[in-house]
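Read through the structure below, which is laid out as structure tokens, and then see the notes.
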Amino acid sequence: MDNNDRFEGIRKNTLENYNSKLENLKELKEKLLESKKNNDIRKIEFYTKRIESVLSNINNIKATLDCMRLNDENDLKERENIKNTYSKKINDVIPDNIPIVFHGNNNIEIVKQIISTKGLYTPEERGVDFKSFATQIDVTAKSNIRVSLEFADASINSFMPYGALFVFYPKEYEYDKVFKTGDSSEVFGGVESIRFDEKRFVGIITTEENITSLKRCMKENELDPNKVFTHTQFIDFCKENFKSNTKLNK
């Protein structure tokens, strides 16, 4: 099976899943309507939550369909290099006393939706009612951003673009637990939300493919487009801003 056939096969399966979810949503809405007619409070609550869950799935699948494309050889090389070298580069270029954290998302369309909300918010702040979700923002510390890098890349076999890394300072009372993370994979318990117009927001890292569209998205949402970097540009940014070991938000 060649590259084009694999792409068409994955896209077809994704589209079938999308249409299946739409049918499921229709059925759930009918059951919710019936429950309301019967004034069945328990079922109303059950179907309302099920509908919220399915709507979230539909949004994620639609975002995948919107950004799927054939792989590009230069993009694949860039991503392979990021996977193999970037975590060490970040650890080397950012001093140990800088509590910067990283959060990855692997769907560039969802990244744009996040930008449109002008911040990274906790499930509670977003009105999400799923007990399985973390209560805070999952992040990694500069000493080991491997997990965030994995979350930012949907993998070359997905035929999707790279996603993005959100970079920011946590709140001051959270600095200590960031420092205590050491070489662990993630900051224990996560951190509180961040608005993209706050001084402690550092920027967004993505691949060359997405730079123009993310800068445009930032500008459209009245946010600073200069806070969008390629991975290499962010390393250069850190070298410049940390050469005297001065914090970025000062």
Side-chain angles (χ1 to χ4, degrees), residues 79 81-107 110-111 114-115 117-126 128-155 162-206 224 227-250:
R79 289 160 75 163
N81 184 54
I82 290 165
K83 183 175 70 174
N84 293 334
T85 68
Y86 203 65
S87 185
K88 184 178 186 304
K89 286 181 180 178
I90 285 292
N91 189 36
D92 290 345
V93 79
I94 300 177
D96 291 341
N97 65 337
I98 302 296
I100 278 181
V101 293
F102 298 76
H103 172 82
N105 187 293
N106 66 15
N107 190 307
I110 299 295
V111 168
I114 291 170
I115 291 173
T117 69
K118 301 190 179 185
L120 275 174
Y121 304 106
T122 64
E124 182 179 3
E125 290 167 335
R126 289 185 281 117
V128 177
D129 186 25
F130 300 113
K131 289 184 171 64
S132 59
F133 281 13
T135 57
Q136 301 281 69
I137 308 297
D138 291 329
V139 294
T140 54
K142 75 96 188 177
S143 55
N144 182 3
I145 68 166
R146 179 184 53 79
V147 170
S148 290
L149 288 173
E150 290 172 357
F151 276 117
D153 195 337
S155 89
Y162 191 89
L165 291 161
F166 295 89
V167 190
F168 59 99
Y169 283 98
K171 294 187 174 177
E172 285 194 21
Y173 85 90
E174 297 173 313
Y175 284 7
D176 191 49
K177 72 172 177 178
V178 172
F179 290 135
K180 287 180 178 178
T181 301
D183 294 332
S184 298
S185 59
E186 293 183 272
V187 176
F188 181 75
V191 298
E192 287 194 32
S193 56
I194 175 76
R195 295 194 319 276
F196 299 149
D197 58 0
E198 292 184 75
K199 286 185 178 180
R200 60 192 185 93
F201 177 64
V202 179
I204 300 172
I205 306 172
T206 191
D224 186 356
K227 289 193 172 185
V228 179
F229 306 89
T230 64
H231 293 74
T232 300
Q233 287 169 345
F234 188 74
I235 292 294
D236 292 338
F237 173 82
C238 290
K239 287 177 180 176
E240 178 63 26
N241 282 272
F242 295 133
K243 60 185 179 183
S244 60
N245 200 15
T246 302
K247 290 183 181 179
L248 295 178
N249 59 343
K250 289 282 183 159

Handout entry: S87 vs N144 side-chain heavy atoms within contact, under 4.5 Å
Key = yes

Handout entry: Stepwise salt bridge (charged side-chain N to carboxylate O under 4.0 Å, His left out) test for D197 and K118
Key = CA-CA 7 Å; D197 58 0; K118 301 190 179 185; over 6 Å; no

Exercise for the section: Would you mind reporting whether F237 and V202 have side-chain heavy atoms less than 4.5 Å apart? Expected result: yes

Completion exercise
One should read off an interatomic distance between T230 OG1 and I205 CD1, to the nearest 0.5 angstrom, of 9.0 Å

Exercise for the section: Mark yes or no for whether T117, through its side chain, and G119, through its backbone, hold a donor-acceptor pair below 3.5 Å. Expected result: yes

Exercise for the section: Could you grab the distance from atom OG of S148 to atom CD1 of I90, nearest 0.5 Å is fine? Expected result: 10.5 Å

Exercise for the section: Spell out, as yes or no, whether a donor-acceptor pair under 3.5 Å connects the side chain of K142 to the backbone of I100. Expected result: no

Problem - N/O donor-acceptor pair under 3.5 Å between T181 side chain and K177 backbone - result: yes

Practice task
For residues F196 and F201, establish whether the separation of their ring centroids is below 6.0 Å.
Solution key: yes

Handout entry: Pairwise side-chain contact, K89 with V93, heavy-atom cut-off 4.5 Å (strictly under)
Key = no

Problem - Contact check, side chains of S193 and L120, non-hydrogen atoms, under 4.5 Å - result: no

Handout entry: Steps toward side chain to side chain contact (heavy atoms under 4.5 Å, CB included) verdict (K199, Y169)
Key = CA-CA 9 Å; K199 286 185 178 180; Y169 283 98; over 6 Å; no

Exercise for the section: Hey, could you give me the CD1/OG1 distance between I137 and T122, rounded to the nearest 0.5 Å? Expected result: 6.0 Å

Practice task
Determine yes or no for a side-chain-to-main-chain donor-acceptor pair under 3.5 angstrom, with H103 supplying the side chain and D138 the backbone.
Solution key: yes

Fill in the blank from the handout: Smallest heavy-atom separation, I145 atom then T140 atom, equals CA-OG1, 3.5 Å

Problem - Heavy-atom side-chain proximity of F242 to I98 below 4.5 angstrom - result: yes

Exercise for the section: Hey, could you give me the CZ/CD distance between R200 and E172, rounded to the nearest 0.5 Å? Expected result: 10.0 Å

Exercise for the section: Could you tell me which non-hydrogen atom of F168 sits nearest to which non-hydrogen atom of V139, and how far apart they are? Expected result: CZ-CG1, 3.9 Å

Practice task
Apply side chain to side chain contact (heavy atoms under 4.5 Å, CB included) to the pair I235 and Y86, showing each step before the final yes or no.
Solution key: CA-CA 9 Å; I235 292 294; Y86 203 65; 3.6 Å; yes

Practice task
Just say parallel, tilted or perpendicular for the rings of F102 and F234, cut-offs at 30° and 60°.
Solution key: perpendicular

Problem - Test item: E150 side-chain N/O and V147 main-chain N/O as donor-acceptor pair under 3.5 Å - result: no

Exercise for the section: Determine yes or no for a side-chain-to-main-chain donor-acceptor pair under 3.5 angstrom, with Y162 supplying the side chain and A152 the backbone. Expected result: no

Practice task
Would you give the length of the straight line joining atom CZ of R146 to atom CG of L149, rounded to the nearest 0.5 angstrom?
Solution key: 9.5 Å

Completion exercise
Of all heavy-atom pairs linking P99 and P170, the shortest is O-CD, 3.0 Å

Handout entry: Side-chain heavy atoms of Q136 within contact of E174, under 4.5 Å
Key = yes

Exercise for the section: State, with a plain yes or no, whether a side-chain heavy atom of V167 is found less than 4.5 Å away from one of V101. Expected result: no

Exercise for the section: Please determine, by modelled atom types, if Y173 and E192 share a side-chain donor-acceptor pair under 3.5 angstrom. Expected result: yes

Practice task
For F151, look at atom CZ and say whether over 12 heavy atoms of other residues, nucleotides or ligands are found less than 6.0 Å away.
Solution key: no

Handout entry: Salt bridge D153-R79, side-chain N to carboxylate O under 4.0 Å
Key = yes

Problem - Smallest separation among heavy atoms of G163 and V111, with atom names - result: C-CG2, 4.4 Å

Problem - CZ/F188: more than 12 non-hydrogen atoms of other groups inside 6.0 Å - result: no

Practice task
State, yes or no, whether a side-chain contact exists between F229 and T206 at a heavy-atom distance under 4.5 Å.
Solution key: no

Problem - Minimal non-hydrogen separation, A164 against I204, with atom names - result: CB-CG2, 3.7 Å

